[in-house]
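Just so we're on the same page: letters track the sequence lines, and every chain starts at 1.
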Protein chains: 2
Amino acid sequence: MEDTQPPESPGEIAAAWRRERPGTPTESIPVVTPVFRLAKLFEDDRQRVLRRAGIDRATLDLLSTLRRSGSPYTLTTRELGGRTLVTAGAISQRVARAEREGLVSRAPDPRGGRGILISLTDAGHALIERSVEEVLGREMYLVEGLEESERDALAALLAKLTGQVRERAATPLPPAAPRRADERPGERPG
Amino acid sequence: MEDTQPPESPGEIAAAWRRERPGTPTESIPVVTPVFRLAKLFEDDRQRVLRRAGIDRATLDLLSTLRRSGSPYTLTTRELGGRTLVTAGAISQRVARAEREGLVSRAPDPRGGRGILISLTDAGHALIERSVEEVLGREMYLVEGLEESERDALAALLAKLTGQVRERAATPLPPAAPRRADERPGERPG
DNA sequence: AGATCAACGTTTAGACCTAAACATACATCG
DNA sequence: CGATGTATGTTTAGGTCTAAACGTTGATCT
């Protein structure tokens with residue numbers, strides 16, 4: 001046997017929970033599970049493309065953000081942090097790695113501030129120029145399995161959901177679910 | 001200043017690329033970017049819930065899969081691998097951690113095989129029982145920002161896209177974009 | 001000025017993952 | 001039976017990330 005069955009579909013996962021624990025709220029599964037899986041599929045595929053281009057995800061993120069910001073391809077560490085989904089510590093490390101490879105340079109902000117300006121070097125500019133086209137071209141291909149109208153509809157729904165989730169995730173967690181005293185979760189059929 | 005501006009919207013990112021590099025294929029951005037962001041939002045929020053429940057993402061994954069498989073809550077390492085998105089090495093480590101915490105037990109497969117059976121212990125069963133309800137309840141809340149009909153439409157599109165991407169990502173990478181001879185990728189400015 | 005505060009960036013410790021090298025245990029074939 | 005091959009699991013080396021401690025540099029107040 002070469003490989004086992006593919007992962008359960010979201011529908012199967014939800015059905016399994018309902019079978020095992022009637023009453024379990026499974027309505028979110030058909031949305032959340034595919035989001036995780038798609039993120040991983042895109043991520044892994046992107047990594048294949050990037051490896052060939054001699055760059056990794058972290059560096060792509062950094063250089064793209066600088067490149068996209070337009071001439072003079074310079075942002076402060078803080079601005080980079082705001083546009084990326086990682087912590088300040090990670091930014092620091094990413095910049096350090098990219099600097100070691102000669103892709104970016106660092107200099108104190110001339111405008112008084114305590115900020116540090118990160119700029120694309122020529123090598124960094126060349127590398128991102130080469131990589132962006134490939135990454136976006138490949139993603140285009142991956143996404144073209146959907147009709148344009150479907151992509152538009154999907155993009156709209158994703159945008160709306162992102163907004164909603166951002167709002168709701170920002171609110172403090174509700175109190176932990178009440179735990180029924182007669183619920184004997186430890187019970188196990190022999 | 002407390003925090004900088006939120007990350008650019010997918011539309012802004014695409015517009016920036018078109019401004020900076022006319023002709024860049026940006027059609028995938030409104031789909032791919034929100035998928036990454038939603039995955040991170042869900043992931044981070046889930047982690048907050050899990051921390052309170054005294055469990056982490058890796059262990060949740062492991063225990064959920066066992067629990068969902070139904071009595072006797074036992075699977076081989078290989079089966080676990082097939083249902084999870086991580087490598088065999090990661091499974092091994094996850095099981096080792098969970099075993100150290102008394103949440104699962106390991107035993108050689110009695111049916112002749114060279115496989116190892118991983119089973120939920122009573123403690124593991126109790127923990128997952130407690131956690132699942134909270135995680136899914138919370139996710140339900142996060143996703144309820146969309147109408148039910150929107151969620152259904154979104155789920156259908158995500159399912160279709162997942163299938164398409166899985167197919168397309170499996171195919172070998174097309175040849176690298178032609179690279180101009182004067183572009184020397186390995187070269188580094190002194 | 002001097003003290004205190006706030007913003008910013010870096011460093012460090014620890015967690016988890018992947019890829020690849022290593023075992024092991026069956027299975028098959030001469 | 002002994003040699004190869006194949007499927008499974010585990011271990012190890014290395015990498016990136018987060019959280020939190022830490023250090024620095026301006027800004028504010030008296």
Side-chain angles (χ1 to χ4, degrees), chain A residues 1-5 36 39-41 43-48 50-51 54-62 74-101 104-119, chain B residues 1-5 36 39-41 43-48 50-51 54-62 74-101 104-119:
Chain A
M1 220 159 294
E2 153 64 14
D3 57 4
T4 39
Q5 64 280 22
F36 280 136
K40 179 146 176 59
L41 284 169
E43 178 66 39
D44 289 353
D45 191 85
R46 179 179 280 194
Q47 197 168 315
R48 284 205 303 164
L50 292 180
R51 186 176 326 229
I55 182 175
D56 60 64
R57 177 185 169 282
T59 305
L60 177 81
D61 234 40
L62 173 62
T74 296
L75 293 171
T76 65
T77 300
R78 184 155 189 72
E79 290 170 322
L80 283 170
R83 290 166 158 79
T84 322
L85 301 178
V86 296
T87 60
I91 300 282
S92 230
Q93 293 170 7
R94 287 177 170 192
V95 169
R97 288 196 297 270
E99 189 183 27
R100 211 169 329 161
E101 294 171 36
V104 302
S105 62
R106 302 189 321 161
D109 191 333
R111 310 177 309 246
R114 51 237 156 266
I116 304 270
L117 297 181
I118 317 296
S119 306
Chain B
M1 216 158 298
E2 155 61 17
D3 57 5
T4 39
Q5 65 279 18
F36 280 135
K40 178 145 176 61
L41 284 168
E43 178 65 39
D44 289 353
D45 192 85
R46 178 178 281 193
Q47 198 168 314
R48 285 206 302 164
L50 292 180
R51 185 177 325 230
I55 183 176
D56 59 65
R57 177 184 169 284
T59 306
L60 178 81
D61 235 39
L62 173 62
T74 295
L75 293 173
T76 65
T77 300
R78 181 154 187 73
E79 290 170 322
L80 283 170
R83 291 168 159 76
T84 321
L85 301 179
V86 297
T87 60
I91 300 282
S92 230
Q93 293 170 7
R94 287 177 171 193
V95 170
R97 288 196 298 270
E99 188 183 29
R100 218 175 356 237
E101 294 171 38
V104 302
S105 62
R106 303 190 319 162
D109 192 333
R111 308 178 308 248
R114 51 242 155 263
I116 303 270
L117 296 181
I118 317 295
S119 304

Please state how far atom CD1 in A:Ile116 lies from atom P in D:dT25, giving the value in whole angstrom units.
10 Å

B:Leu80 CG to D:dT10 C1', straight-line distance once rounded to whole Å:
15 Å

Between CG of A:Leu75 and P of C:dC8 the distance, given in whole Å, is 15 Å

Using side-chain contact (heavy atoms from CB on, under 4.5 Å), reason through A:Leu62 and A:Arg97 one step at a time and then give a plain yes or no.
CA-CA 11 Å; A:Leu62 173 62; A:Arg97 288 196 297 270; over 6 Å; no

Separation of atom CZ in B:Arg57 from atom P in C:dC16, rounded to whole Å:
11 Å

Give me the residues of residues 89-97 of chain B where at least one heavy atom lies under 4.0 Å from an atom of DNA chain C, by number, or none.
B:Ala90, B:Gln93, B:Arg94, B:Arg97

What integer distance in Å separates A:Glu99:CD from C:dT11:P?
11 Å

Can you tell if the side chain of A:Arg94 reaches within under 4.5 Å of the side chain of A:Thr84, non-hydrogen atoms only?
yes

Among the nucleotides C:dA19, D:dT18, C:dT10, which one has an atom lying closest to any side-chain atom of A:Arg51?
C:dA19

B:Thr76 side chain reached by B:Asp109 side chain, heavy atoms, under 4.5 Å:
yes

Round to the nearest Å and state the distance from B:Asp61 atom CG to C:dC16 atom P.
13 Å

Please confirm whether the shortest side-chain N or O distance from B:Arg48 to OP1 or OP2 of D:dA19 is below 4.0 Å.
no

D:dA19 P sits how many Å from A:Leu85 CG, rounded?
13 Å

Nearest-nucleotide wise, let me know which of A:Gln47 and B:Asp56 is further upstream toward the 5' end of DNA chain C.
B:Asp56

Check against side-chain contact (heavy atoms from CB on, under 4.5 Å), A:Thr77 and A:Val95
CA-CA 9 Å; A:Thr77 300; A:Val95 169; 5.6 Å; no

Presence of salt bridge, B:Asp44 and B:Lys40, under 4.0 angstrom:
yes

Whole-Å distance separating the CD1 atom of B:Ile55 from the C1' atom of C:dC16
15 Å

Proximal nucleotide (of C:dT18, D:dT18, D:dT16) relative to the B:Lys40 side chain:
D:dT18

Can you tell me how far apart CG (A:Leu80) and CZ (A:Arg78) are? Round to the nearest 0.5 Å.
11.5 Å

Is the closest side-chain heavy-atom distance between B:Leu75 and B:Ile118 below 4.5 Å?
no

Tell me what B:Ala58 touches on the nucleic acid: a base, only sugar-phosphate, or nothing, going by heavy atoms under 4.0 Å.
sugar-phosphate

